[in-house]
Amino acid sequence: MNDGQKLTATELFLVLFGFAGLTAFYFWPMVMDPDQVWSVGRDFFQNSWNLWWVDHAQETGQAYYETDRLFSPTGTSLAFHTISFSNSIPGALLQQSLGLSVGTTHTVLFLSAFLMSGIGAWALARYLTAAPLAAFGAGLFFTFNPYHTAMITQLNNVQFQWMPLVLLGLLWLYDSKSWKAVIFTAVMLALSGYADWYQPVFCAIAGGVLLVVRMWRDKRFGDIRFWVHLLVMGGLAGAMMFPGVRPLIDQMGQTGGGGELEDPIRYIGEMQLTGMSPNGLGGHLFWPVILGWTTMFILLFTAFRVRERGIGSFWWLLVVGFFLVQGPHLVFMNHSIESIPMPMAIFPHIPVLDMVRVPHRFLILLILGITGVIAYGLREIQIQRGVVATFMLLPLLALELQLPKPEAISLRTAKVYEVMQDDPADYAVLEMPIDYRDAYTMWLQTKHEKRLLAGYTSHILPSALEGLESDLMRALHPAQSDTDILGLPEFLEVDVDNLSETQLDQWRRELVVEKEVLYVVFHGKTDFRAPSRAPKPAETAREKLMVALMPFRLNPAVKNGHNMRMFGMKQFMDNLSKESAQGRAIIEKMFGEPDKDLGNLATEVWDLRPWAEQYGVAKPALISEDSESAEE
């Protein structure tokens with residue numbers, strides 16, 4: 001730690017006020033109207049479901065890691081699922097104590113992550129430099145960089161604050177060998193795990209780089225006392241994480257894993273030597289766009305002007321992060337060069353590291369490295385150029401990295417969901433098309449709370465699929481589905497026109513009696529309005545150069561990102577609906593025309609309550625007065 005300005009209550013207030021104000025500036029529509037849907041991404045809906053599920057489990061006395069609400073009637077373990085207790089437990093408290101809705105709770109937790117991440121990075125930079133303004137600038141970059149602000153769909157990943165605090169704790173422990181540092185670091189590391197189980201892996205890599213470089217510099221590899229403190233810290237963190245990890249370990253012992261993917265490393269090519277080609281954005285962005293031209297200026301200044309003793313370890317962390325984000329092999333300007341392997345190529349063969357399957361997740365290491373480097377750089381700029389010149393860089397950085405204004409999504413859900421929400425009975429719903437990457441129907445479930453026959457969990461276990469392996473359920477699956485999950489039920493083609501009444505009656509009983517399904521809902525289109533055509537991509541050399549170099553705030557590809565994602569989801573849903581034509585035809589063959597009063601232009605609904613009454617499995621109270629008797 002460097003000697004410098006002492007920490008004061010005024011500085012703490014200004015830091016808190018500064019990051020809170022910037023959060024409101026970046027996300028003001030969400031601050032003004034928090035109870036809205038802000039993305040159509042499947043992970044957004046899944047994380048909302050996670051908040052509902054933990055609250056529901058607490059209220060009903062169920063275990064967090066087992067649910068009967070998905071993959072009914074067998075249910076499924078959630079041991080491999082990213083519940084993110086650092087979000088879900090506070091989320092349950094907000095819902096129960098303040099009566100907040102799931103949507104408002106989701107928004108509050110999302111926004112608070114930017115405030116806390118800024119404070120976490122500020123604390124690390126403040127420890128490194130003892131320079132208040134430089135520390136605030138480093139925190140500004142860390143929490144408002146585009147990689148972080150783009151995580152509107154991923155509440156489990158957005159809690160960045162624990163990782164810089166783990167690094168702060170490790171450096172404190174290295175410098176002082178204090179038992180307070182041991183306890184602080186262990187708590188921060190455990191909290192990082194309860195946010196997302198990948199985070200302790202990133203903390204271990206980042207912390208390992210910083211410590212190895214410093215121990216090499218200081219010739220302290222033989223410091224037994226430090227190693228003892230480090231081992232005790234790891235043991236304490238492991239003990240605190242064990243209650244959350246144990247169900248996962250138990251499940252791995254029973255199944256050997258779950259939800260295996262066809263590709264051990266996914267989304268290769270998004271991260272490249274020269275920059276990024278983000279999925280669904282339609283362009284290649286050079287690194288100065290992603291990191292900020294202002295950031296690049298500070299990095300260059302720091303490289304030429306700063307020779308601080310502690311900065312070298314952060315330069316090494318930056319380099320390690322840069323090489324890891326490249327993926328298993330080099331990709332240059334959208335051209336894969338498989339003959340040049342990158343370090344991540346060995347990760348699928350290393351236990352624990354094989355869990356990290358997406359190269360862009362290593363961006364956090366690059367960002368942590370940059371955060372440390374620019375903290376030193378901003379302090380040196382202040383020393384050489386004064387406070388005013390340093391201060392002027394901060395609004396430039398904040399404005400340059402500003403994301404497009406968040407837009408609320410208007411959803412037009414079918415009438416059946418209101419009917420189910422008002423119905424206290426417990427039964428199952430068959431949502432179609434059947435899609436194992438669909439969390440929208442799980443978000444709808446947070447309103448009506450009825451069981452679903454399928455679901456989208458982070459890892460789908462074989463035991464969860466037993467109820468979906470019958471001939472009927474396989475015939476209801478899409479003929480083709482865009483998924484890389486292995487072991488899913490295979491589509492069964494049938495001659496719908498020539499199905500016998502005996503077969504139809506058997507299948508009706510399977511749905512209504514065995515699976516207790518009272519509604520079948522077929523989503524033919526999206527419940528939101530989306531562009532009919534994709535935004536025009538960059539085509540000419542000039543347009544591509546604009547995308548590659550234009551600052552993030554002004555970048556045309558970034559501005560079109562929202563409409564690109566909306567169109568992509570619409571296109572995905574349209575294709576999935578077409579591939580599920582056989583499944584819809586079977587439902588219509590079994591139960592007749594859909595109930596127009598319960599559906600809408602995008603959704604068709606079959607009310608199976610009359611059939612349930614006929615088969616003797618429904619109480620008369622469940623049958624509405626205007627329901628027609630089921631035909632033989």
Side-chain angles (χ1 to χ4, degrees), residues 29-30 32-49 51-52 101-107 152-153 280 404-423 429-435 437-450 452-456 478 518-535 561-581 583-584 587-588 593-608 624 626:
M30 302 178 76
M32 300 301 295
D33 193 7
D35 194 16
Q36 294 290 339
V37 171
W38 298 100
S39 172
V40 294
R42 60 197 181 200
D43 288 338
F44 180 92
F45 294 124
Q46 187 195 62
N47 277 287
S48 286
W49 185 90
L51 297 175
W52 167 79
S101 66
V102 171
T104 299
T105 301
H106 191 150
T107 301
I152 197 165
T153 65
K405 184 184 75 172
E407 297 183 36
I409 311 297
S410 177
L411 296 170
R412 302 159 295 169
T413 58
K415 176 71 174 178
V416 67
Y417 295 107
E418 295 179 23
V419 173
M420 289 192 289
Q421 186 173 350
D422 295 336
D423 189 347
V429 183
L430 171 58
E431 296 273 13
M432 296 178 66
I434 298 173
D435 177 32
R437 291 297 191 190
D438 167 38
Y440 177 56
T441 57
M442 291 166 59
W443 179 82
L444 292 168
Q445 186 189 49
T446 67
K447 313 293 184 184
H448 62 73
E449 301 187 355
K450 305 301 185 277
L452 302 180
L453 297 196
Y456 167 38
L518 291 190
Y519 292 100
V520 176
V521 184
F522 187 89
H523 300 269
K525 300 177 181 178
T526 60
D527 281 346
F528 58 85
R529 286 189 173 90
S532 58
R533 291 180 294 181
H562 177 76
N563 285 337
M564 285 286 290
R565 287 185 286 271
M566 296 279 281
F567 176 78
M569 184 56 69
K570 172 185 178 296
Q571 195 173 41
F572 172 80
M573 193 66 208
D574 289 346
N575 292 337
L576 196 64
S577 175
K578 291 177 183 177
E579 295 293 339
S580 300
R584 186 202 172 282
I587 294 298
E588 189 170 40
E593 294 290 327
D595 188 326
K596 294 182 179 179
D597 293 333
L598 294 176
N600 59 22
L601 294 176
T603 307
E604 295 178 303
V605 180
W606 284 264
D607 184 353
L608 309 191
S624 60
D626 58 347

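Numbering starts at 1 and runs along the sequence shown. The figures that follow rest on heavy atoms only: side chains count, while hydrogens, waters and symmetry mates do not. What you see is a predicted model; the values in this text were computed from it and never measured.
At a threshold of 4.5 Å between non-hydrogen side-chain atoms, the residues E579 and P433 do not count as touching. The shortest distance between side-chain heavy atoms of D597 and K415 does not fall below 4.5 Å. Using a 4.5 Å cut-off on side-chain heavy atoms (C-beta onward), W52 and Q445 make contact. Taking 4.5 Å as the limit, every side-chain heavy atom of L430 sits out of range of all side-chain heavy atoms of Y519. M569 is listed as a side-chain neighbour of F528, based on a closest heavy-atom distance under 4.5 Å.
With S580 contributing its side chain and G583 its backbone, the two residues share no donor-acceptor pair below 3.5 Å. When atom types are taken as modelled, the side chain of T107 and the backbone of G103 share a donor-acceptor pair closer than 3.5 angstrom. Panel note: side chain T603, backbone N600; no donor-acceptor pair is recorded below 3.5 Å. For Q46 (side chain) and Y456 (main-chain N/O), a donor-acceptor pair under 3.5 Å exists by modelled atom type.
Heavy-atom minimum distance, F567 versus S532: CE1-O, 3.4 Å. Here the closest heavy-atom approach between residue W606 and residue E593 is recorded as NE1-C, 3.6 Å. For the residue pair S48 and V102, the shortest heavy atom distance occurs at O-CG1, 3.4 Å. For the residue pair P478 and L576, the shortest heavy atom distance occurs at CG-CD1, 3.8 Å. Pairing each heavy atom of M566 with each of A530, the nearest pair is O-CB, 3.7 Å. In this structure, F45 and V40 approach most closely via the heavy-atom pair CE1-O, 3.7 Å.
Taking OG1 from T105 and CG from D35, the interatomic distance works out to 8.5 Å, rounded to the nearest 0.5 Å. Rounding to the nearest 0.5 Å gives a distance of 10.0 Å between NE2 of H562 and CH2 of W38. Remark: T441 OG1 to I434 CD1 distance equals 10.5 Å, nearest 0.5 Å. For the atom pair CD1 (I409) and CG (D527), the distance works out to 12.5 Å, reported to the nearest 0.5 Å. Atom CE of residue M573 and atom OH of residue Y440 lie 9.5 Å apart, to the nearest 0.5 angstrom. Separation of atoms CD (Q36) and CE (M30) is listed at 10.0 Å; rounding is to 0.5 Å.
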Problem set entry | Intermediate values then yes/no, side chain to side chain contact (heavy atoms under 4.5 Å, CB included), K525 and L601 | CA-CA 8 Å; K525 300 177 181 178; L601 294 176; over 6 Å; no

For this session: Run the numbers on E604 and E588 for side chain to side chain contact (heavy atoms under 4.5 Å, CB included), then give the verdict.
Result: CA-CA 10 Å; E604 295 178 303; E588 189 170 40; over 6 Å; no

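Scored by the side chain to side chain donor-acceptor pair (under 3.5 Å) test, K570 finds D574 as partners (sequence neighbours excluded). Residues forming a side chain to side chain donor-acceptor pair (under 3.5 Å) with Y417 (at least two apart in sequence, or on another chain): E431, H523.
The only member of L518, L444, V429, L598 that meets side chain to side chain contact (heavy atoms under 4.5 Å, CB included) when paired with M420 is V429.
For CZ of R412, the number of neighbouring non-hydrogen atoms (other residues, nucleotides, ligands) closer than 6.0 Å is greater than 12.
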